Amino acid sequence: MGDNGLTLVTGAAGQLGAVGRTVTSLLLDRRLPVRALVRREDDRAAALRAAGAEVVVGNLLDPADVYRAVSGCRRIYFGMSVSASYLDASVTMAAVAREIGVDELVNMSQMTVSQMSIQNTTPSPQQRQHWLSEQALAWSGLPVVTIRPTVFLEGFFLPLTAPAVRDRGRIELPFGLGKTSPVSTADVARVVAAILADPRLHLGRIYELTGPRSQDMHEVAREYSDALNREVRYSDISPEDWERELKKVGLPEHLTQHLMTMAELNRAGRYDRMTDGVERVTGRPPLSVREFVSLHPKEFGGRQS
Ligand SMILES: NC(=O)c1ccc[n+]([C@@H]2O[C@H](COP(=O)([O-])OP(=O)(O)OC[C@H]3O[C@@H](n4cnc5c(N)ncnc54)[C@H](OP(=O)(O)O)[C@@H]3O)[C@@H](O)[C@H]2O)c1
């Protein structure tokens, strides 16, 4: 497949380290043409344009916007921020992609979906919507590749552990002694970009992605300590205290409920997962927690020499 045609990347503005934004850069590095969908015209849109992407402004909840964004594209990466309207957006994308006809749709999902069924769902509305989105995409008959990562280092561990590590040398989470194997969105984006660049071997497949090690939070704290060259300890706080903290920073109810479910599943050992998906697709092992923390000394409060 030499001539790929245009690839649409949704959620392309993202925060630093978000999947869509990194996928856009990786495809442009490979000299593949990218149309980047953003929600609004801002500095991030300008940066994407300066990097060489065609930028389209649109709302993933508006079918006419999605139609305009997909028209002329052969391949799609579909992902957007955790939101109460996720299912609405993914079904809209499926309807439009079917109408227009595409060669590949890479769908961002979550690893918890692997354990879900009609009889076995979770209290997280986001996880239920990912499960339903996967069902709808399967019914659509589209050529889909499904990405199911475990918890993100950039999207979870960086924002939710860095302040207490910086200020008190503690990771404060209600994860009990459950094991976890967080994955970097940089690795997730490398997997997505490789699949978009050459879909032949991937159509119809599901990729479960984790980091290189599944370990409890005391072991995770040791990786932080090694990276920062100072002691970082794990404090197992109560779910109620964590919920109060999340509410204090004003997170939307949908996201708070999702995070509380993640904590509950962690404590129950349901994040004790290991796959070789990143290495299988990209040929490189995934980033470890220690390597990730070493890359962000400022956010985690500096490294002692
Ligand atoms: N965080 C984790 O630990 C984790 C783990 C596994 C899977 N996931 C999945 O990964 C996905 C999130 O990926 P990410 O972190 O790369 O995304 P993200 O950075 O949170 O969001 C990507 C973009 O989606 C855009 N967006 C939101 N609503 C939109 C709409 N209605 N129309 C157009 N654009 C919209 C946002 O635009 P603005 O910036 O303009 O608001 C944002 O830039 C979710 O599906 C989540 O379930 C996350």
Side-chain angles (χ1 to χ4, degrees), residues 8-26 36-45 47-48 55-66 68-70 77-93 96 106-114 122 124-134 137 146-161 173 175 180-193 207-211 251-252 254-255 257-259 261-263 265-266 271 273 275 277 292:
L8 174 69
V9 176
T10 71
Q15 313 150 10
L16 196 64
V19 179
R21 179 166 159 174
T22 313
V23 168
T24 302
S25 311
L26 292 171
L37 182 115
V38 299
R39 223 192 321 206
R40 64 185 80 90
E41 198 52 72
D42 59 14
D43 291 354
R44 300 172 306 169
L48 288 164
V55 174
V56 54
V57 178
N59 185 343
L60 285 164
L61 300 172
D62 180 334
D65 281 4
V66 177
R68 193 166 40 83
V70 174
Y77 163 72
F78 173 74
M80 76 174 205
S81 19
V82 170
S83 113
S85 322
Y86 209 94
L87 181 62
D88 193 337
S90 47
V91 174
T92 301
M93 177 57 79
V96 170
V106 179
N107 176 43
M108 174 55 62
S109 186
Q110 293 196 354
M111 199 157 167
T112 305
V113 173
S114 303
T122 80
S124 157
Q126 182 69 22
Q127 287 167 346
R128 287 200 304 271
Q129 292 196 32
H130 273 302
W131 181 74
L132 285 167
S133 298
E134 285 198 23
L137 283 166
T146 306
I147 309 295
R148 290 182 184 161
T150 188
V151 58
F152 289 163
L153 285 165
E154 287 85 343
F156 183 96
F157 279 85
L158 183 58
L160 295 173
T161 70
L173 286 173
F175 279 10
T180 184
S181 55
V183 67
S184 164
T185 51
D187 288 321
V188 175
R190 286 194 307 111
V191 168
V192 172
Y207 289 100
E208 296 176 335
L209 306 177
T210 71
L251 294 189
H254 175 87
L255 181 54
Q257 244 181 293
H258 175 56
L259 293 171
T261 302
M262 286 177 73
L265 296 179
N266 246 288
Y271 276 76
R273 308 155 161 173
T275 70
F292 177 78

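Every number for a ligand or one of its atoms is a count from 1 in the order of the listing. A quick note: this is a predicted structure, and the numbers were derived from the prediction, not measured.
For ligand 1, none of its N or O atoms has an N or O atom of G155 under 3.5 Å away. Distances between N or O atoms of A13 and those of ligand 1 include no value under 3.5 Å. At a 3.5 angstrom cut-off on N or O pairs, T150 does not count as close to ligand 1. Taking only nitrogen or oxygen atoms, main chain and side chain alike, V19 reaches within less than 3.5 Å of ligand 1. Residue L60 has at least one nitrogen or oxygen atom sitting less than 3.5 Å from a nitrogen or oxygen atom of ligand 1, judged on distance alone.
Using a distance-only test at 3.5 Å, with no hydrogens or angles considered, no donor-acceptor pair links the side chain of Q126 to the main chain of H254. Distance alone, capped at 3.5 Å, is enough to place a donor-acceptor pair between the R68 side chain and the V57 backbone. A donor-acceptor contact shorter than 3.5 Å is absent between the side chain of D88 and the backbone of L61. The main-chain N or O of T185 is found under 3.5 Å from a side-chain atom of E154 such that the two form a donor-acceptor pair.
The ligand atoms of ligand 1 that sit less than 4.0 angstrom from a heavy atom of N59 are 30 (C), 31 (N), 32 (N). Under a 4.0 Å criterion applied to the non-hydrogen atoms of V151, ligand 1 contributes the atoms 3 (O). Taking every non-hydrogen atom of Q126 and a distance limit under 4.0 Å, the qualifying atoms of ligand 1 come out as 47 (O). Here is the list of ligand 1 atoms found below 4.0 Å of a heavy atom in A18: 16 (O), 19 (O). For ligand 1, the atoms lying closer than 4.0 Å to a non-hydrogen atom of G11 are 22 (C), 23 (C), 24 (O). Of all atoms in ligand 1, numbered sequentially from 1 with element shown, those under 4.0 Å from a heavy atom of G14 are 19 (O), 43 (O). Each of the following atoms of ligand 1 lies closer than 4.0 Å to a heavy atom of M108: 9 (C), 10 (O), 11 (C), 45 (O).
Contact detail for A12 and T24: the closest heavy-atom pair is CB-OG1, 3.8 Å. Closest heavy-atom contact between Q127 and Q110: CG-OE1, 3.2 Å.
Neither the backbone nor the side chain of S83 has any atom closer than 4.0 Å to an atom of ligand 1 (non-hydrogen atoms only). The proximity of R21 to ligand 1, defined as any non-hydrogen pair under 4.0 Å, does not occur for either the backbone or the side chain. For E154, no heavy-atom contact with ligand 1 is shorter than 4.0 Å. No part of T185 comes within 4.0 Å of ligand 1, judged by heavy-atom distances. Looking at M111 against ligand 1, nothing comes within 4.0 Å, counting heavy atoms.
Taking 4.0 Å as the cut-off, P182 does not count as a neighbour of ligand 1 on heavy-atom distance. Residue contact check for ligand 1: G79 places no non-hydrogen atom closer than 4.0 Å to it. Not close to ligand 1: A12, with no non-hydrogen atom less than 4.0 angstrom away.
The option with the heavy atom closest to atom 35 (C) of ligand 1, from among Q15, R39, Q110, is R39. With distances taken over non-hydrogen atoms, the option nearest atom 25 (C) of ligand 1 out of A45, P159, S81 is S81.
Side-chain contact, R273 with T150: a donor N or O sits under 3.5 Å from an acceptor N or O. No hydrogens or angles considered: a donor-acceptor pair under 3.5 Å links the side chains of S90 and S133. For the 3.5 Å distance criterion, the side chains of E208 and T275 fail to qualify, holding no donor opposite an acceptor. With hydrogens and angles left out, the side-chain atoms of H130 and E134 include no donor and acceptor closer than 3.5 Å.
Between atom CG of residue L265 and atom OG1 of residue T122 there is a gap of 6.0 Å, rounded to the nearest 0.5 Å. Rounded to the nearest 0.5 Å, atoms CZ (F78) and CG (L8) are 10.0 Å apart. Once rounded to the nearest 0.5 Å, the distance linking CG of L48 with CG of D43 reads 11.0 Å.
When hydrogens are left out, the protein atom nearest atom 7 (C) of ligand 1 is S109 O, 3.3 Å; that is the closest non-hydrogen contact. For atom 13 (O) of ligand 1, the nearest protein heavy atom (residue, atom name, distance) is F152 CE1, 4.1 Å.
Separation of the F175 and F156 ring centroids falls under the 6.0 Å cut-off.
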